[in-house]
Chemist: 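The following block contains the structure, expressed as structure tokens.
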Amino acid sequence: MFRIVEAEFTAPEIKRFVIEAPRIARKRRAGQFVIVRLDDKGERIPLTIAGSDPESGTITLIVQGIGKTTKAMNMKEAGDALQDIVGPLGRPSDIKHYGVTVSIGGGVGTAIAYPTAAALKEAGNYVITINGARSREFVILEEEMAAVSDEAYITTDDGSYGFHGLVTDKLQELLDQGRRIDFVLAVGPVPMMKAVADITRPYGIKTMVSLNPIMIDGTGMCGACRVIVGGQVKFACVDGPEFDAHEVDFENLMCRNKAYADEEREALARFLKERRPQPHDSALVVK
Amino acid sequence: MIEKRLTTRERLRIHRHAMPERDPIERRSNFEEVNLGYTPELAIAEAHRCLQCPKPTCEDGCPVNIHIKEFIGRIAEGDFLGAVRKIKEDNILPAVCGRVCPQEIQCEAACVLSKRGEPVAIGHLERFVADYERETGQIEVPAIQPSTGKRIAIVGSGPAGLSCANDLRRWGHEVTVFEALHDLGGVLAYGIPEFRLPKEIVHKELDCLRHMGVKFETDVVIGQTFTVDELLQEEGYDAVFLGVGAGLPWFMGIPGEDLVGVYSANEFLIRVNLMRAYRFPDYDTPMIDLRGKNVAVVGAGNTAMDAARTALRLQAKNTCIIYRRSEEEMPARAEEIKHAKDEGVKFVLLVNPVEFTGDEEGRLKAVKLIRMRLGEPDASGRRRPIPIEGSEFVMELDVAIIAIGSSPNPLIAKTTPDIEVSRKGTIVVDEATMKTSKQGVFAGGDVVSGGATVIRAMGAGRKAARAIHEYVMTDVW
Ligand SMILES: Cc1cc2nc3c(=O)[nH]c(=O)nc-3n(C[C@H](O)[C@H](O)[C@H](O)COP(=O)(O)OP(=O)(O)OC[C@H]3O[C@@H](n4cnc5c(N)ncnc54)[C@H](O)[C@@H]3O)c2cc1C
Ligand code: FES
């Protein structure tokens, strides 16, 4: 069992957990993830490690409640425990001195972009971050991102905060201004990552994306997570999760991610119907 | 002794006793174990068929040379516990092996009676005494020798790791088993389905090891959570045994394999066995609803049969095996093929998939197949399948399960470059001691042999245990 030390909502439906997992905390590097199983009947879901503290033996996970498992996880509080956490899994981000880097996080993807941005900063890069959300209340990690950035931008779809527009609009603006960019890492919904790839392709900017296919074991034994990169089949859990954005078949990823859409809807509906009202219900409205 | 009671001629007159099994129609809609096991009367009667040969050739046919003649002799006398004790001298998992060993190409093939077509049912007898011991609550926890103070890390909780752990613990070493998954048993847990190997049996075996003082740590991936070097250095283990199996599934590399509806056998079986997806939404893991669907399994090994029979139990409309050779070359156990047929799995032989096609949502709709003929024998000794040009045809399909084999996961090799691996990805060892190229590290089971059998993995684990014992006690590599 893995004990939760801290748990707090940082935005509607988005909860930050600090969890005791000393072995993972010691080993983990930016870009890696864990597989979590809440209880004996639970499914195994991948969650990127947003941070870790080897001293206190804890890792930080940031979870957006979308389906049954993530919503159930977001009902856990400090003092509760999770049945299984295994990791760190996947390959770490390729951190080096690129020059000018742009880390783009869309929604909860910011939680994944953040540790890599911090590592890029540490490696001596000029770090630009673009942190996108639907509207002001959904912005996460604003201070943390700003602390590791030379330039930090917030974008909101509705213009309620920061730049009015999508993260890609901001990226395009920087490019239109003739800014030199040597490296881009984008993490977020698949259409967003695809859009970023399309923007940087003509400029020949090295662009990486962190993919989120369906996974089970996370160690390369099932192939559920297979993605097509450069025409080749790759297992995202061991060969990734980060891949060259210009080589990824995003259409295929979108199809595969929808494989269990009906089942997921059914499980969620049943879960919400059966569970008793909880103190955090205001934050658990189904959209 | 029993020779006195029956003459050879009398023994020869007794026919082999069939394994009582559930009705095929009834069983194909549930996950209950198919074989019901011998009764004590059937077991004694079957044991009386054994001729008690002066030179028991059956024992040469067993990869771990179980004292078959003696254990069957004890069954004939009604000494069931004595029989199981005899087996356990060489095989710590008789309840498992009695169910899953390919006896027809091992001990039973070497039985002198097999020439007359009806070998003694050695596997059924092995299973019977092991079940008798477990069901009557008489499992003996072996004595543990005084502590040696040596610590050994076993990586992987499949049959290779468990058998290695068992011996080392008995000899007084401190043994910890690290397992990547949340559940223990390796293929016995995630691969072989309930209707063939009830998980209860595996759990009992694990309990016995726990009682002996073997420690188990799940959710630890060696190569990620710890490297092998870290186990030997920071974590202070005196030796490491790698029994990590051959878990990396192969795909065919043909167009359309990435469509939704194409599963590796591993994924399909893990969803059902490990994650209990057949009980969705009670359990959270979903899988494609097979009710009323057309399912094809590519391949004809045990994994393929397990996948096909599982699909039937999930109410698929049609389930077929697609295999590029003929029935004769099918690598699965004879009993599995028979059970699959009885339950209604269709066999589409001498064909090979060339392409999967789907709809605009990326879901599988059909497979294009090509007919094959058999040519000269290849390196495996089986006749090589050759495509017949222009013979392509299309089969409608909702779910395809690829069960064409697997190789070892490269995770450990990648993080431990001083462990030598073959071109096929298997770990290279010294055959006599299971030593790898890295001091203090041993390996055995499917990770060394490539996908093989439970009994061979167990044998390898025990061989390694002896060498590990010698190494940690003498410090001589
Ligand atoms: C579906 C199926 C049906 C089969 N049917 C039969 C049959 O009827 N008869 C028969 O004799 N054989 C059968 N086999 C083959 C048999 O199961 C294997 O040969 C045997 O299990 C190999 O044992 P092992 O201990 O080497 O590996 P495994 O049983 O594969 O166990 C390896 C374990 O190591 C773990 N592991 C892997 N990597 C790591 C890591 N880096 N860190 C920590 N843990 C790790 C895995 O999760 C796994 O639990 C079947 C196999 C399958 C897949
Ligand atoms: S999640 Fe199973 S292979 Fe990647």
Side-chain angles (χ1 to χ4, degrees), chain A residues 2 21 23-24 26-28 32 34-35 37-45 67-69 72 83-90 214 216-228 232-233 235 238 249 251-264 266-271, chain B residues 179-183 190 217-227 230 234 244-251 253 257-271 274-277 279-289 358-363 402 406 409-411 414:
Chain A
F2 296 80
R23 289 170 172 174
I24 302 173
R26 196 172 45 197
K27 213 47 203 295
R28 145 297 153 173
Q32 290 185 301
V34 289
I35 295 258
R37 195 175 72 125
L38 298 186
D39 53 47
D40 273 337
K41 293 185 172 182
E43 61 182 334
R44 297 170 60 105
I45 60 159
K68 172 185 169 176
T69 301
Q83 178 87 33
D84 298 284
I85 303 184
V86 55
L89 301 172
I214 293 170
I216 307 179
D217 57 292
T219 65
M221 65 187 280
C222 74
C225 64
R226 58 200 194 277
V227 290
I228 300 179
Q232 304 249 315
V233 174
F235 286 9
V238 285
D249 182 341
E251 302 295 331
N252 177 261
L253 178 60
M254 279 186 250
C255 285
R256 290 189 60 84
N257 276 355
K258 276 190 233 139
Y260 304 103
D262 292 344
E263 287 80 4
E264 284 160 13
E266 179 191 338
L268 178 60
R270 199 173 111 133
F271 171 69
Chain B
E179 169 57 51
L181 294 171
H182 59 257
D183 206 0
Y190 78 75
E217 295 214 25
T218 50
D219 296 330
V220 179
V221 184
I222 302 304
Q224 298 276 32
T225 317
F226 297 117
T227 61
E230 284 165 343
E234 283 103 65
V244 291
L248 182 79
W250 292 343
F251 286 92
E257 241 175 337
D258 45 279
L259 289 164
V260 172
V262 182
Y263 284 116
S264 73
N266 265 7
E267 179 181 354
F268 181 76
L269 292 170
I270 286 176
R271 280 185 188 274
L274 187 69
M275 307 309 298
R276 308 267 189 280
R279 292 177 58 190
F280 178 86
D282 235 9
Y283 282 72
D284 291 341
T285 305
M287 65 186 308
I288 295 176
D289 188 350
D359 60 15
E360 59 292 342
E361 284 175 9
R363 288 182 182 258
I402 314 297
S406 62
N409 192 320
L411 217 52
K414 266 196 283 188

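These numbers come from the heavy atoms of this one structure, side chains and all, not from hydrogens, waters or symmetry mates. Naming: A, B, ... by sequence-line order, numbering from 1 per chain. All values reported here derive from a predicted model rather than from experimental measurement.
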Chemist: Which heavy atom of A:D84 sits nearest a heavy atom of B:D219, and at what distance?
Modeler: OD1-OD2, 2.5 Å
Chemist: Spell out, as yes or no, whether a donor-acceptor pair under 3.5 Å connects the side chain of B:R363 to the backbone of A:A259.
Modeler: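 At least one qualifying donor-acceptor pair exists.
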Chemist: So which part of B:L411 gets closer than 4.5 Å to some heavy atom of chain A, the side chain, the backbone, both or neither?
Modeler: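 Side chain only.
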Chemist: Could you check if a side-chain atom of A:R226 sits within less than 4.5 angstrom of a side-chain atom of B:E267, using non-hydrogen atoms only?
Modeler: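 Yes, at least one pair of side-chain atoms sits under 4.5 Å.
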Chemist: At a heavy-atom separation under 4.5 Å, does A:I214 approach chain B through its side chain, its backbone, both, or neither?
Modeler: side chain
Chemist: Could you grab the distance from atom OH of A:Y260 to atom CZ of B:F280, nearest 0.5 Å is fine?
Modeler: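 Going from the OH atom of A:Y260 to the CZ atom of B:F280 covers 10.5 Å.
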Chemist: So which atom in A:G90 and which in B:Q224 form the shortest heavy-atom distance, rounded to 0.1 Å?
Modeler: N-NE2, 3.5 Å
Chemist: Look only at the side chain of B:N409 and the backbone of A:T219, and say whether a donor-acceptor pair between them is shorter than 3.5 Å.
Modeler: yes
Chemist: Counting only heavy atoms closer than 4.5 Å, note whether A:Q32 contacts chain B via side chain, backbone, both or neither.
Modeler: side chain
Chemist: Would you confirm whether B:N266, through its side chain, and A:M221, through its main-chain N or O, come within 3.5 Å as a donor-acceptor pair?
Modeler: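 The answer is yes, because a donor-acceptor pair under 3.5 Å joins these two groups.
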Chemist: Are B:E230 and A:R26 within salt-bridge range, i.e. N to O under 4.0 Å?
Modeler: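 Salt bridge between B:E230 and A:R26, a charged N being under 4.0 Å from a carboxylate O: no.
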Chemist: Which region of B:F251, side chain (C-beta onward) or backbone (N, CA, C, O), has a non-hydrogen atom less than 4.5 Å from a non-hydrogen atom of chain A, or is it both or neither?
Modeler: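 Looking at B:F251, just its side chain touches chain A.
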Chemist: Could you check whether any side-chain heavy atom of B:M275 comes within less than 4.5 Å of a side-chain heavy atom of A:K41, counting everything from C-beta outward?
Modeler: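 Not touching, per the 4.5 Å side-chain cut-off.
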Chemist: Looking only at heavy atoms, which two atoms of B:V220 and A:R23 are closest? And how far apart?
Modeler: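 The pair with the smallest heavy-atom distance is CG2-NH1, 3.4 Å.
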Chemist: Any ion pair linking A:R270 and B:D282 (charged N to carboxylate O, less than 4.0 Å)?
Modeler: yes
Chemist: Can you tell me which of A:N252, A:I24, A:D262 forms the most heavy-atom pairs within a distance under 4.5 Å of chain B?
Modeler: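 Most heavy-atom pairs under 4.5 Å with chain B: A:N252.
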Chemist: Which heavy atom in A:C222 sits nearest to a heavy atom in B:I270, and how many Å separate them?
Modeler: CB-CD1, 4.3 Å
Chemist: Donor-acceptor pair, distance only, cut-off 3.5 Å: does the side chain of B:T225 make one with the backbone of A:G87?
Modeler: yes
Chemist: If you define the side chain from C-beta out and look only at heavy atoms, does anything of B:P281 sit under 4.5 Å from A:E263?
Modeler: no
Chemist: Under a 4.5 Å cut-off applied to non-hydrogen side-chain atoms, are A:F235 and B:P249 in contact?
Modeler: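 Yes, close enough: below the 4.5 Å cut-off.
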Chemist: Does A:K68 come within less than 4.0 Å of B:D284, counting only side-chain N to carboxylate O?
Modeler: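 Salt bridge present between A:K68 and B:D284.
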Chemist: Just so I know, are the side chains of A:L89 and B:V221 near enough to count as touching, which here means a heavy-atom distance under 4.5 Å?
Modeler: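 SC-SC contact between A:L89 and B:V221 confirmed.
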